[in-house]
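Take a look at the structure set out below.
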Amino acid sequence: MTSTAPETQRGQDAGDALGEQPTSWQRRLRRFGHVPRPETPLRDRLDPPYTRPGRQVWSVLAIPPHVADRLVRWSGWGGPLLVTLVAGLLRFWKLDRPHAVIFDETYYAKDAWALVNQGYEGSWPKDVDKLILKDPSSVPIPTDPGYVVHPPVGKWIIGFGEQLFGFTPFGWRFMVAVLGTVSVLLLCRIGRRLFRSTFLGCLAGLLLAVDGLHFVMSRTALLDLIVMFFVLAAFGCLVVDRDRARRRLADALPVDAEGVLRPGARIAETLRLGWRPWRLAAGVMLGLAFATKWNGLYVLAAFGLMTVLWDVGARRTAGAVKPYMAVLRRDLVPAFVSTVPVAIVTYVVSWTGWIVTDKGYYRNWAATEGKNSSWNWLPDWLRSLWHYENQVYDFHVGLTSGHTYESNPWSWLVLGRPVSYFYEEEAGCKESTTGKCASEVLAIGTPLLWWLACFALAYVVWRWLFRRDWRAGAIACGVAAGWVPWFFYQERTIFLFYAVVFVPFLCLAVTMLLGAIVGPAAGQGARAELGLTSGDPTGERRRTLGAIAAGVLVLLIVWNFIYFWPLYTGTSIPEDLWRDRMWLDTWV
């Protein structure tokens with residue numbers, strides 16, 4: 001709101017409203033217009049309010065106040081749903097094209113079909129892909145067990161789409177496209193809660209919607225986007241759990257005679273935060289991520305540590321003198337039980353089809369080769385599963401055979417070596433000087449978004465280390481959990497598309513950077529609510545320039561996505577235009 005009171009009186013009101021206790025020299029300086037720096041109230045530090053658009057926006061649009069209030073209430077879901085609709089239309093547009101088995105779809109599409117029909121993966125004959133594309137009903141499901149090196153959850157999900165729409169490219173890509181679309185909605189809502197801004201939340205979702213790697217992975221029946229979905233869902237559950245735990249602490253703290261919330265050491269150190277279903281849900285999501293691909297296990301460890309540190313911060317803010325000891329006594333065991341054992345149980349349950357059919361690969365190992373083991377007191381299925389997992393681990397760490405599109409994780413952020421999923425040339429193309437047209441599906445992020453993300457990550461790390469911003473720490477944790485583990489396996493054959501797991505956190509990092517470029521709104525914060533920033537031409541000019549700069553960056557990212565659209569969708573274009581899009585030699 002705008003105040004008509006003198007600056008001196010406004011400063012005094014600000015100090016009183018914020019619960020400050022001004023010193024004598026501050027009271028003297030108020031006579032000369034000194035405005036004390038406000039402190040964020042304790043309740044707002046524990047449970048920050050959401051920002052609201054200023055009245056000026058609605059005035060310019062000639063929208064009445066009662067309508068504006070209703071739009072603000074609806075925007076929390078309306079904005080994210082609108083962004084999700086756009087993302088869904090993009091991802092489902094000609095989802096069955098190219099009509100081919102592209103890249104590792106040759107494994108997962110067939111394994112998924114066998115899994116949903118007989119409970120375990122089969123050993124498919126070579127060169128069966130063309131027959132499947134021509135007439136899938138003529139291809140029998142092999143009953144001999146197949147040796148697979150990834151857990152079953154992702155294939156169950158792919159297989160569900162095949163059950164709905166058949167053993168076709170659209171069928172095996174359908175559920176991945178659904179998860180890719182829903183992940184945009186999740187990021188909008190997570191970003192909104194993280195930044196306490198509907199606009200910034202929707203911006204984060206929009207960036208994810210126009211990221212090329214996320215887009216391509218949403219239209220391909222591979223497992224990595226499914227891992228990303230469960231990781232993002234787990235992160236969202238933990239953010240909601242954090243908000244609820246801090247709100248519970250705030251509600252338990254004492255309020256003084258003036259109605260100001262005060263810290264309380266005893267309450268902060270002894271209060272039990274009770275039943276935390278969102279943390280339990282995070283454990284299930286992390287278990288599903290781990291049960292899709294094993295790299296989800298690293299995320300489980302990172303997120304488990306992160307949620308415990310969040311509890312430490314909450315109790316410290318509430319007034320705990322020894323917050324680590326308080327968390328050790330009150331929160332550590334519940335946090336562990338809600339995540340690690342829950343994730344492990346989820347993982348084991350995901351193997352139910354392999355367990356009950358009694359025909360999967362290595363299913364009867366305990367009754368044959370392993371019958372003389374000293375662990376015979378354990379169920380045969382459990383010992384067989386453990387042996388299978390050991391064999392799979394040896395396979396993964398020993399996978400060092402070269403590949404044309406392999407890349408080192410050091411090069412991922414700058415998109416050093418993308419992966420070509422599909423490439424086809426067409427002769428007799430009159431529009432091309434070479435007489436050829438090219439169709440390609442290239443797994444590569446939107447270059448301008450990723451290159452901007454390099455600077456955004458530096459800003460996030462700086463903000464976490466020097467500003468102690470928990471949001472920056474959370475974003476950095478999400479990126480590190482999905483990226484850093486691959487540095488321990490640099491001799492292994494790995495690919496850029498593994499990075500899709502942390503793409504949502506790159507989008508959050510870019511959003512945080514763009515928000516900093518724009519700057520705080522005139523109506524943001526306690527001083528602004530009291531009119532202390534109104535009428536500041538310098539601040540308004542800086543914010544206007546910042547908004548223009550951020551807007552230009554977003555438009556450039558959207559343009560970059562549109563420019564690379566043919567390479568994301570396999571659209572046939574003249575070879576000249578295809579080469580124009582090969583910005584780096586390593587992309588060919």
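Looking only at side-chain heavy atoms (C-beta outward), L207 and D211 stay at 4.5 Å or farther from each other. Using a 4.5 Å heavy-atom cutoff, the side chains of L553 and V510 are not in contact. Contact annotation: the side chain of Y459 never approaches that of I517 to less than 4.5 Å [non-hydrogen atoms, C-beta and beyond]. Considering only heavy atoms from C-beta on, T544 stays 4.5 Å or farther from R541 through its side chain. Residues L328 and M325 form a side-chain contact, since some pair of their non-hydrogen atoms from C-beta on lies under 4.5 Å apart. Side-chain contact between F502 and L508 is absent, with no heavy-atom pair separated by less than 4.5 Å. With contacts defined as side-chain heavy-atom distances shorter than 4.5 Å, the pair Y421/M217 qualifies. With a 4.5 Å cut-off on side-chain heavy atoms, N560 and P447 count as touching.
At a threshold of 4.0 Å, the pair R43-D251 counts as salt-bridged, since one of the basic side-chain nitrogens sits closer than that to a carboxylate oxygen. A salt bridge links D311 with R279; the closest basic N to acidic carboxylate O contact falls under 4.0 Å.
Note that R219 lies outside the cation-pi zone of Y568, set by a 6.0 Å cut-off to the ring centre and a 45° limit from the axis.
Summarising the geometry, atom CE belonging to M285 is positioned 11.5 Å from atom CG belonging to L232; distances are rounded to the nearest 0.5 Å. If you take CE on M582 and CG on D580, they are separated by 10.0 Å, rounding to the nearest 0.5 Å. How far OG1 of T307 is from CZ of R242: 9.5 Å, rounded to the nearest 0.5 Å. Rounding to the nearest 0.5 angstrom, the gap separating the CG atom in L452 from the CG atom in L448 is 8.5 Å. Atom CZ of F215 and atom CZ of F564 lie 14.0 Å apart (nearest 0.5 Å). Atom CD of E406 is separated from atom CD1 of I494 by 8.5 Å, given to the nearest 0.5 angstrom.
For R315 (side chain) and P323 (main-chain N/O), no donor-acceptor pair under 3.5 Å exists by modelled atom type. Of the possible donor and acceptor atoms, none in the side chain of T292 sits under 3.5 Å from a partner among the backbone N and O of L223. Side-chain atoms of W483 come within 3.5 Å of backbone N or O of P409 as a donor-acceptor pair. Without hydrogens or angle criteria, T446 side chain to L449 main chain gives no donor-acceptor distance under 3.5 Å. Proximity of a side-chain donor or acceptor of Q490 to a complementary backbone N or O of N408 within less than 3.5 Å is not detected. R91 places a side-chain N or O within donor-acceptor distance of the main-chain N or O of A209, the cut-off being under 3.5 Å. Checking side-chain atoms of R246 against main-chain N and O of R45 turns up a donor-acceptor pair under 3.5 Å. Proximity of a side-chain donor or acceptor of W464 to a complementary backbone N or O of I475 within less than 3.5 Å is not detected. Judged by distance alone, with hydrogens and angles left aside, the side-chain atoms of R189 form a donor-acceptor pair with the main-chain N or O of G76 at under 3.5 Å.
In terms of the salt bridge (Lys or Arg N to Asp or Glu O under 4.0 Å) criterion, residue partners of R471 (sequence neighbours excluded) are, by chain and number, D469. Considering only residues two or more places apart in sequence or on other chains, R581 meets the salt bridge (Lys or Arg N to Asp or Glu O under 4.0 Å) condition with none of them. A search for salt bridge (Lys or Arg N to Asp or Glu O under 4.0 Å) contacts involving R417 returns nothing, not counting sequence neighbours.
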Practice task
List the steps, then state whether side-chain contact (heavy atoms from CB on, under 4.5 Å) holds for T339 with F303.
Solution key: CA-CA 9 Å; T339 52; F303 282 10; over 6 Å; no
Problem - Residues V299, F230; criterion side-chain contact (heavy atoms from CB on, under 4.5 Å); working and verdict - result: CA-CA 10 Å; V299 182; F230 288 127; over 6 Å; no
Exercise for the section: Go through the steps for V176 and L222 under the test side-chain contact (heavy atoms from CB on, under 4.5 Å), then give the verdict. Expected result: CA-CA 8 Å; V176 184; L222 271 63; over 6 Å; no
Exercise for the section: Decide side-chain contact (heavy atoms from CB on, under 4.5 Å) for M306 and L238; before the verdict, give the C-alpha distance in whole Å, the side-chain angles of both, and the deciding distance to 0.1 Å. Expected result: CA-CA 9 Å; M306 179 180 68; L238 291 177; 4.2 Å; yes
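Counting non-hydrogen atoms of neighbouring residues, nucleotides and ligands closer than 6.0 angstrom, the CH2 atom of W278 reaches no more than 12 such neighbours. Dense packing is recorded around CH2 of W583, with more than 12 heavy atoms of other residues, nucleotides or ligands lying under 6.0 Å away. Counting non-hydrogen atoms of other residues, nucleotides and ligands closer than 6.0 Å to CZ of F199 gives a total of 12 or fewer. Within 6.0 Å of CH2 on W559 lie more than 12 heavy atoms contributed by other residues, nucleotides or ligands.
The two residues C507 and L187 make their nearest non-hydrogen contact at CB-CD2, 4.0 Å. In terms of heavy atoms, G519 sits closest to R543 at O-NH1, 2.6 Å. In this structure, L415 and L584 approach most closely via the heavy-atom pair O-CD1, 4.2 Å. Listed here is the closest heavy atom pair of P418 and L496: CA-CD2, 3.6 Å. Here the closest non-hydrogen pair linking P254 and I267 is CD-CD1, 4.0 Å. Taking every heavy atom of both residues into account, L185 and P80 meet most closely at CD1-CB, 3.7 Å.
Using bins of under 30°, 30° to 60° and over 60° for the plane-to-plane angle, the ring pair F561/W565 lands in the perpendicular bin. Between F495 and F497, the ring planes lie parallel to each other; the angle is under 30°, not in the 30° to 60° tilted range.
Aromatic pair W412/F487: centroids not less than 6.0 angstrom apart.
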